[in-house]
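Below is one structure, written out as structure tokens, with a few remarks after it.
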Protein chains: 2
Amino acid sequence: MLEKLEFLLALAREKHFGRAAEVCGVTQPTLSAGVKQIEDAFGVLLVNRGSRFRGFTAEGERVLEWARRIVGDARAMREEVLALKHGLAGRLRLAVVPTALPMVETLTTPLRARHPNVQFTVLTRTSAEVRHLLDNLEVDAGLTYLNNESPGRVTAVPLYRESYRLLVAADGPLGHREQVTWSDVAQVPLCLLTPDMQNRRIIDQYLRETGVEPTITLESDSMLVLYSHVRTGRWASVMPSRVAAMLGLTDVLRAIPIIGADTSHTIGLVAPAREPMIPLTAALVAEARRVAVLLAD
Amino acid sequence: MLEKLEFLLALAREKHFGRAAEVCGVTQPTLSAGVKQIEDAFGVLLVNRGSRFRGFTAEGERVLEWARRIVGDARAMREEVLALKHGLAGRLRLAVVPTALPMVETLTTPLRARHPNVQFTVLTRTSAEVRHLLDNLEVDAGLTYLNNESPGRVTAVPLYRESYRLLVAADGPLGHREQVTWSDVAQVPLCLLTPDMQNRRIIDQYLRETGVEPTITLESDSMLVLYSHVRTGRWASVMPSRVAAMLGLTDVLRAIPIIGADTSHTIGLVAPAREPMIPLTAALVAEARRVAVLLAD
DNA sequence: CCATGTTAATCGGAAATATCTATCGATCAA
DNA sequence: TTGATCGATAGATATTTCCGATTAACATGG
């Protein structure tokens, strides 16, 4: 029955019987039969079918939510027993918002020092994608914005608050200033993340509030692309100060504090709420709490 | 795999492969094989075996805790889907401490008014047994003392605080008093619940604090037996005031307030913490919250 | 309106799994 | 030592699962 619930989860992810089956390592008839079995067991249709997958019924959505929990718990059980047997080991999957990438190291380094057999997979995603991956148990934890939380379903550990800096060549426009306002920033052509990124949307909002329509000369989903452009001294960008600090500043580059409305955009670690947690995730959360204290100064 | 986990739960309850198998409706070899399968799947021994069942290993205890949760969630899922299909219906199993028996009606009556298809099973148990039945998912909720809680694992709704009265014949010893102290009570021969009941232990403690060794002439696990004896006017007892109120007083019988140390012994509804709850249990908890407000006056 | 491709359900048989009965081996108590 | 109890094991049987092939139901494009 547990495997059948996994079929359901795969179907929810893939929205396609054939692909879901492939993900589960079975053939499409097997997955179809599995779904039908759950439906028969409950005596309720869970999936709206036509000639193709047409989403879940109301009952299906409820079952899906339970399935997520049950399957997640089953995995957590497995992880915990293995941890008891072999000590902390395994792969920790992290989904991280681009602006939080510099933080990853502050978690992984001490965690690996404590538990040398832990391995990591770090994916860069938008905050929406991070949330989605967490919901579907495709990652163990996320580093993302803690606003618009759905509390109760996740454990969140605040790590730090983003503050923004204008990254610009010292001899370029605004390059000589000790500090700038968002109005100033809106005047110069910028390289920013793509609009599906929350960081971009936050910056957009600050800029929009100045009333000036900013010019975004270059967009990318990679901080590295932005940085490499700014590095030439011929482009400007807005970055969280921690990112700027990590990338390091050449003598031609300055990271100028931006003053003004400081709406709090907290970044933190988010993990599925589960009691008890998967040991690996628990270790990560514990590490995050330690790091949070260090960052609080 | 889910069924195998149920095997494990049954084994934990019965501490005996044969009986556990019978409970599960399978033969003993089947249950043995099921347990072994889980062990093989994890590569860890879960059960200490000699020629007989010798308890669980450390890993086994952990798996057991997860199994409780997972199996409970699976049942909750089933209940919820059926509730979506047929409306609220089914049987609500309650385990109730004897002194809380009069409260049962205040929950069941309005609940049944709202949901006519709900049926009830009410069991009288000691508070320890109530806790155990809850842990093993053999009941949906309990009415019991809220002290020494293990929070997080259960949802508790406080309903009222017990206060005690001396139930005695008006023409018997102390029968004329407007109020009595525990020292007074310790002087008269009493009918009380058996010592495995928390109510008895509470009363014992009050009596012991007076320094006088009380005489317990009759013990029973049934409030009704106590009442029927006191009713003759020739026996005395100590009962929570709500019980006395429900049983009704004849003209020869008085329920005299006992003054003195009023350690708070709160009685409330306890249900397994699960998010979301089984719909039937959720309805009961909701009802309990309403009733709690009414009782708070 | 038909051809074509996509998608999920259905069917039949092979393979895997589960369960039962019967029995065995170990342990414990008398 | 004997008898009783308990759990593991073996072998036979039944059930379930799963795959491959096929079919049915729709889309889409011509």
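Order of the sequence lines sets the chain letters (A, B, ...), proteins ahead of strands, with each chain counted from 1.
- Listed by first and then second residue, the salt bridge (charged side-chain N to carboxylate O under 4.0 Å, His left out) pairs involving residues 77-92 of chain A are A:Glu80-B:Arg62 (not counting sequence neighbours).
- Atom CD of A:Glu22 is separated from atom C1' of D:dC18 by 17 Å (rounded to the nearest Å).
- One can place NZ of A:Lys15 at 15 Å from P of C:dT7, the figure rounded to the nearest angstrom.
- Put simply, CZ on A:Arg19 is 13 Å from C1' on C:dA8, counting in whole angstrom units.
- Atom-to-atom, CD of A:Glu14 to C1' of C:dT7 comes out at 15 Å; the value is rounded to the nearest Å.
- For the atom pair B:Leu92 CG and B:Thr108 OG1, the distance stands at 9.5 Å (nearest 0.5 Å).
- Only one option out of A:Val104, A:Val122, A:Val97, A:Val130 pairs with A:Leu143 in a side chain to side chain contact (heavy atoms under 4.5 Å, CB included); it is A:Val104.
- Checking B:Leu192, B:Thr126, B:Ile203 one by one against B:Met197, the side chain to side chain contact (heavy atoms under 4.5 Å, CB included) holds for a single residue, B:Thr126.
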Checklist entry - What one-letter contact string describes nucleotides 17-30 of chain C from 5' to 3', where B marks a base within less than 4.0 Å of any protein heavy atom, S marks contact via sugar-phosphate atoms alone, and - marks no contact? => result -SSSBB----SS--
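- Side-chain atoms of B:Thr215 do not come within 3.5 Å of backbone N or O of B:Thr217 as any donor-acceptor pair.
- For the pair A:His16 and C:dA8, the criterion of a side-chain N or O lying under 4.0 Å from OP1 or OP2 is met.
- Side-chain N/O atoms of A:Ser32 include one lying less than 4.0 angstrom from OP1 or OP2 on C:dA9.
- Using a 4.5 Å cut-off on side-chain heavy atoms (C-beta onward), A:Val35 and A:Leu11 make contact.
- Computed from coordinates, the A:Leu31 CG to C:dA9 C1' distance equals 12 Å when rounded to whole Å.
- Distance, A:Phe53 CZ to D:dA27 C1': 18 Å, rounded to whole Å.
- Between the CG atom of B:Asp40 and the P atom of D:dT9 there is a distance of 10 Å, rounded to whole Å.
- Separating the CG atom of B:Leu45 from the P atom of D:dA8 is a distance of 11 Å, rounded to the nearest angstrom.
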